[in-house]
Amino acid sequence: MIYDVAVVGAGPAGLAAGLYAARAKLSTVILEKMFPGGQAALTHHIENYPGFSEGVNGLELANAMKKQVEKFGAEFINGDVERIEKTDDLFNIFMKAESIKAKTVILAAGAQPRKLGVKGEEEFIGRGISYCATCDGAFYKDKPIAMVGGGDSAIQEALYLTRFASTIYVIHRRNELRATKILQDRAFNSEKIKFVWDSVVNEIKGKDAVEEIVVENVKTGKLDSIPVDGVFVAIGYTPITDFVKDLVELDEEGYIITDEHMATKTPGLFAAGDIRQKPLRQVVTAVADGAIAAVEAGKFLENN
Ligand code: NAP
């Protein structure tokens, strides 16, 4: 079978692309390595996606999106894409156990959490280090924890963690948050959130699990130890592009460069969502990218 459209990734961008492609009667397959929804599915409460005045749980939104895509007949394959090659106007998409062929491909593999790269981080992953507050927050009931980062993710997740932890130390490398004002205000008003400004984590220490972090003030060089049971890291994301880097142009941060039609430098290959260079990474912009990419893939098929 040769698909008209293969979508790599089933986050909001991939699901929206799948919806538009399948609804346009293109034979469509969506390849996903874990679960639908991507990063959005790990967000407990999304309150800026239009249509949900009370906000919506990320996993529920993802499941609803998947159901809608399935209704229009898109196929889902569980698989981790390792490599994509283009020969004779066809894309060969290689996963671990199988490969498929498609006339067009929409890259919507998103991004993965960036790591701190400090001593103790790898050692304590799953034993006190986490990149997902929604997944692991409940383990820290009445315990002190740290959240590293100052963006929307760090502050939104720190706020979520106030329902479990006794204290949340937000460790931020500057003295000003990057997060949007409404989240900042909520965090400043929380009694459980304490800010450790101008500071970076130098080391994570413990015996069997995390027990303390060593924090350095970047202005004074002073080192402090903070006893915590858990460390949540939310310092941004790295796009997942290794499997396709020969077919696309990347910016200096590794994001795929597209034009406004979501087209990459390879004809028939499109990119949508967090994987591409863009000014705003949100669910609402991801689904918009996905829709555009699918419509453009349809036009490409008509013209070729
Ligand atoms: P982000 O906006 O890139 O913020 C990353 C934060 O981590 C920044 O505060 C940055 O510090 C800090 N940081 C980066 N590298 C670091 C390092 N090596 N050591 C210490 N700190 C480091 O990432 P994000 O918060 O994950 O958000 C990603 C995108 O998703 C953004 O576009 C965001 O708006 C969006 N998002 C939106 C919502 C929402 O709308 N509610 C929720 C979550 C995410 P500096 O500030 O000094 O650069």
Side-chain angles (χ1 to χ4, degrees), residues 11-13 37-59 61-62 108 110-122 129-135 137 146-162 168-188 193 195-204 213-219 226 231-240 251-255 272-289:
Q39 296 291 335
L42 303 177
T43 305
H44 176 72
H45 191 65
I46 298 173
E47 60 179 17
N48 54 3
Y49 188 66
F52 298 90
S53 59
E54 300 306 315
V56 60
N57 173 270
L59 190 57
L61 181 64
Q112 60 200 357
R114 189 179 289 150
K115 293 193 173 164
L116 284 170
V118 299
K119 200 169 163 211
E121 183 179 27
E122 292 294 336
I129 303 280
S130 171
Y131 303 86
C132 174
T134 314
C135 318
M147 167 62 75
V148 189
D152 282 333
S153 299
I155 303 308
Q156 187 171 34
E157 297 201 351
L159 286 163
Y160 172 73
L161 290 166
T162 58
I168 299 128
Y169 298 97
V170 172
I171 322 283
H172 184 38
R173 63 185 179 183
R174 293 185 292 137
N175 63 0
E176 203 181 4
L177 295 175
R178 178 179 293 279
T180 188
K181 183 84 169 56
I182 187 168
L183 292 176
Q184 292 198 21
D185 289 348
R186 286 180 196 163
F188 293 144
I193 298 180
F195 287 90
V196 183
W197 299 112
D198 297 315
S199 297
V200 292
V201 174
N202 266 3
E203 191 179 344
I204 297 153
I213 50 174
V214 179
V215 167
E216 179 186 349
N217 183 301
V218 292
K219 287 190 173 153
I226 305 177
V231 181
F232 287 83
V233 180
I235 58 167
Y237 292 88
T238 313
I240 302 168
D251 71 8
E252 64 283 355
E253 288 179 67
Y255 290 99
D274 284 4
I275 199 170
R276 83 180 184 93
Q277 185 191 62
K278 61 195 283 189
L280 182 64
R281 292 194 177 86
Q282 302 271 300
V283 179
V284 73
T285 60
V287 296
D289 281 5

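Order of listing sets the numbers, starting from 1, for every ligand and every atom in it. Residue numbers start at 1 and run along the sequence shown.
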Original post:
Who's touching ligand 1 if we go heavy atoms under 4.0 Å?
Top reply: N48, R114, G149, G150, G151, D152, S153, Q156, H172, R173, R174, R178, A234, I235, G236, Y237, R281, Q282
Subject >> Any residue meeting side-chain hydrogen bond (donor to acceptor under 3.5 Å, both in side chains) with D289, in chain and number order, not counting sequence neighbours >> reply: R276, K278
Original post:
Do R186 and E47 meet the salt-bridge criterion of a basic N to acidic O distance under 4.0 Å?
Top reply: yes
Subject >> Short side-chain to backbone donor-acceptor contact, N57 and H44, under 3.5 Å >> reply: yes
Original post:
What residues form a salt bridge (Lys or Arg N to Asp or Glu O under 4.0 Å) with D251, not counting sequence neighbours?
Top reply: none
**OP:** Taking salt bridge (Lys or Arg N to Asp or Glu O under 4.0 Å) as the test, write out the residues that go with R114, two or more places apart.
**Re:** none
Original post:
Distance-only, no hydrogens or angles: does the E203 side chain make a donor-acceptor pair with backbone N or O of K119 under 3.5 Å?
Top reply: no
